[in-house]
Number of protein chains: 4
Amino acid sequence: MIRVDASSFIPIYEQIKKEIVRLVATGQLKVHDPLPSIRDLAAEIIVNPNTVARAYRELEQDGLLSTQKGRGSFIADGAAPEASSKLKAYLGRIMDEAIAEAKTFDLGGDAILGLFEDRLRRSADRRRGGRHE
Amino acid sequence: MIRVDASSFIPIYEQIKKEIVRLVATGQLKVHDPLPSIRDLAAEIIVNPNTVARAYRELEQDGLLSTQKGRGSFIADGAAPEASSKLKAYLGRIMDEAIAEAKTFDLGGDAILGLFEDRLRRSADRRRGGRHE
Amino acid sequence: MIRVDASSFIPIYEQIKKEIVRLVATGQLKVHDPLPSIRDLAAEIIVNPNTVARAYRELEQDGLLSTQKGRGSFIADGAAPEASSKLKAYLGRIMDEAIAEAKTFDLGGDAILGLFEDRLRRSADRRRGGRHE
Amino acid sequence: MIRVDASSFIPIYEQIKKEIVRLVATGQLKVHDPLPSIRDLAAEIIVNPNTVARAYRELEQDGLLSTQKGRGSFIADGAAPEASSKLKAYLGRIMDEAIAEAKTFDLGGDAILGLFEDRLRRSADRRRGGRHE
DNA sequence: GTGGTCTAGACCACC
DNA sequence: GTGGTCTAGACCACA
């Protein structure tokens with residue numbers, strides 16, 4: 001459920017944080033649900049436990065999860081709306097980024113929208129097993 | 001013309017590279033045009049000359065510019081199509097990212113497109129001095 | 001195993017690259033073998049770590065080694081044939097240089113070959129503790 | 001008559017020096033012959049006059065040429081044997097370099113000689129307009 | 001401990 | 001003035 005891209009410039013602990021926020025926001029993790037243990041998650045995504053630990057620690061500081069010694073980590077009370085707003089903000093931000101980037105191309109609004117529609121259609125095609133570009 | 005964000009996770013030298021690719025792709029820099037000297041650009045964007053030098057060096061390895069010792073760096077022959085395709089690939093990538101992110105919300109294609117249109121309109125509004133969100 | 005000459009016109013990072021290519025081509029470094037850490041090699045050959053880092057980075061761009069943050073650098077898959085051909089090209093180039101130089105003496109092919117054989121014999125003699133020229 | 005390789009790591013003024021030594025050693029330039037003026041040579045090999053000036057200056061320090069203000073530079077008395085021995089030493093050095101390089105390949109003497117013969121034959125073929133490898 | 005980025009500043013070759 | 005190399009040393013992400 002959690003995916004991470006080692007070649008990205010974004011630190012892995014940041015990617016892990018975002019993934020967990022996403023799972024909470026989309027209801028795949030609910031309040032009081034246990035998170036995978038640091039060691040398990042580290043093994044699953046082939047990453048050092050320290051890296052997972054840092055992600056968990058920072059999420060706890062954000063109030064999104066609570067860690068109980070010896071028992072593990074759990075989604076905190078009230079995490080869902082918090083995560084939801086975070087994720088929405090994140091989505092808005094990267095859409096704005098795509099838009100800003102497109103504008104530096106000297107593309108007009110229609111052209112940008114057309115390009116986006118095109119990528120959207122392609123991604124739907126890929127899902128249905130359509131050919132890659 | 002070249003802007004970098006020191007707080008970004010993306011290394012500054014990568015940002016510089018991308019900016020130059022953008023300027024070439026959009027025709028603001030043409031074949032044989034001189035680039036700002038390493039020292040000048042470094043001073044302008046308040047960055048160490050070595051950082052700019054690294055960006056220039058890697059762009060030269062990519063064949064986008066050619067540098068002559070003691071004279072400066074210049075946009076290489078055939079840089080424009082190369083830059084154009086690089087920038088298109090880059091733009092496609094971040095649009096795909098936005099789309100992938102949007103899909104985690106279980107939104108249909110139309111809803112995603114609507115959201116994007118919304119952001120696009122907002123960004124146009126902001127430009128015209130409309131209210132910030 | 002890696003030697004560099006600080007007084008040479010060839011940049012140190014290029015010398016390091018060539019040495020590693022040589023070690024791979026001669027089988028002294030095999031696929032997936034770890035390279036010395038940047039700091040260790042820098043200390044060994046008495047050079048700044050940044051200089052070694054540059055050599056490693058460029059070799060990685062050439063696909064000859066792969067580095068994993070926090071773990072170190074390793075000989076990449078398929079590095080051996082690549083290194084071999086690189087080294088052969090390099091050797092051919094310096095032999096051609098020697099030949100071109102010899103030809104400026106208006107020597108015939110046989111004379112040039114004789115001269116080369118002579119130096120070759122001398123170098124073997126030196127190895128066996130023979131007199132220096 | 002003088003050729004220079006801008007992409008070489010060897011400084012251009014060193015290459016110019018070597019070329020002149022070669023011309024003297026091979027008798028293409030004789031004692032008291034005038035050298036091309038700094039500006040002419042610079043224009044011919046497309047190089048900055050300062051670079052040529054430095055080569056001439058260092059050759060003068062070596063006693064190979066003498067410069068007379070307003071008249072130009074001339075091959076100095078006794079330059080020929082000096083140049084000859086320099087060039088021979090140089091040839092020996094690069095042959096030794098080729099040999100040393102070949103030995104790091106773990107090649108035996110016969111193999112090295114074979115390789116050299118091969119390159120020699122190729123170079124003769126090229127001269128006669130034979131096909132390139 | 002590892003590598004990666006960045007800074008500050010030196011010296012050199014070349015224009 | 002230009003770019004190129006190298007050093008010294010800082011801070012960060014990651015194992």
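Note that the structure is a prediction, hence the values are computed from the model and not measured. Per chain, numbering begins at 1; letters A, B, ... match sequence-line order.
- Mapping V47(C) and T67(B) onto DNA chain F via the closest heavy atom, the residue that lands nearer the 5' end is T67(B).
- Judged purely by atom type and a 3.5 angstrom limit, D62(D) has no side-chain atom pairing as donor or acceptor with the backbone of L64(D).
- Summarising the geometry, the separation between OH on Y56(B) and P on dT2(F) is reported as 11 Å, rounded to the nearest angstrom.
- On a pure distance criterion of 3.5 Å, a polar donor-acceptor pair joins the side chain of N50(B) and the base of dG9(E).
- Taking atom CD1 of I38(B) as the reference point, atom P of dT7(E) lies 14 Å away to the nearest angstrom.
- The line from CD1 of I20(B) to CD1 of I75(B) is 7.0 Å long, rounded to the nearest 0.5 Å.
- With dT7(F), dG4(F), dC6(E) as the choices, the nucleotide that has an atom nearest any side-chain atom of P11(B) turns out to be dC6(E).
- Residue contacts shown for R39(C) include a base, since a base heavy atom lies under 4.0 Å away.
- For dC14(F), the paired nucleotide is dG1(E), the pair qualifying as Watson-Crick or G-U wobble because both relevant distances are below 3.5 Å.
- Looking at the side chain of N48(B), the nearest of the listed nucleotides dA15(F), dG4(E), dA8(E) is dA8(E).
- Out of dT5(F), dT7(F), dG3(F), the shortest distance to the side chain of S37(B) is found at dG3(F).
- Dashed line: the shortest gap from a side-chain N or O of R54(C) to OP1 or OP2 of dT5(F) is under 4.0 Å.
- Computed from coordinates, the I16(A) CD1 to dA15(F) C1' distance equals 13 Å when rounded to whole Å.
- Distance CD1 (I10(D)) to P (dG4(F)): 19 Å, rounded to an integer number of Å.
- A sub-4.0 Å separation between OP1 or OP2 of dC14(F) and a side-chain N or O of R71(C) is absent.
- At a threshold of 4.0 angstrom between heavy atoms, the contacts of Y13(B) are confined to the sugar-phosphate backbone, with no base atom among them.
- Position along DNA chain E of the nearest nucleotide to P49(D) versus R57(C) favours R57(C) as the more 5'-ward residue.
- Between T51(A) atom OG1 and L41(A) atom CG the span is 10.5 Å, to the nearest 0.5 Å.
- Taking atom CD1 of residue I46(A) and atom C1' of nucleotide dC14(F), one finds them 15 Å apart after rounding to whole Å.
- The separation between K69(C) atom NZ and dG1(E) atom C1' is 16 Å, rounded to whole Å.
- Between I12(C) and G72(B), the one whose closest nucleotide on DNA chain F sits nearer the 5' end is G72(B).
- In this structure, R22(A) CZ and L29(A) CG are separated by 10.0 Å, a value rounded to the nearest 0.5 Å.
- Although no hydrogens or angles enter the test, the distance criterion places a donor-acceptor pair under 3.5 Å between the side chain of E19(D) and the main chain of R3(D).
- What separates CD of E58(C) from C1' of dG4(E) is a distance of 15 Å, to the nearest Å.
- Across the protein-nucleic acid pair, D5(B) atom CG and dT5(E) atom C1' stand 15 Å apart, rounded to whole Å.
- The nucleotide whose nearest atom lies closest to any side-chain atom of D40(C) is, among dA15(F), dT2(E), dG4(F), dT2(E).
- One finds the CD1 atom of I45(A) at 9.0 Å from the CD atom of Q15(A) (value rounded to the nearest 0.5 Å).
- Distances shown here put every side-chain N or O of T51(C) at or beyond 4.0 Å from the OP1 or OP2 atom of dC6(F).
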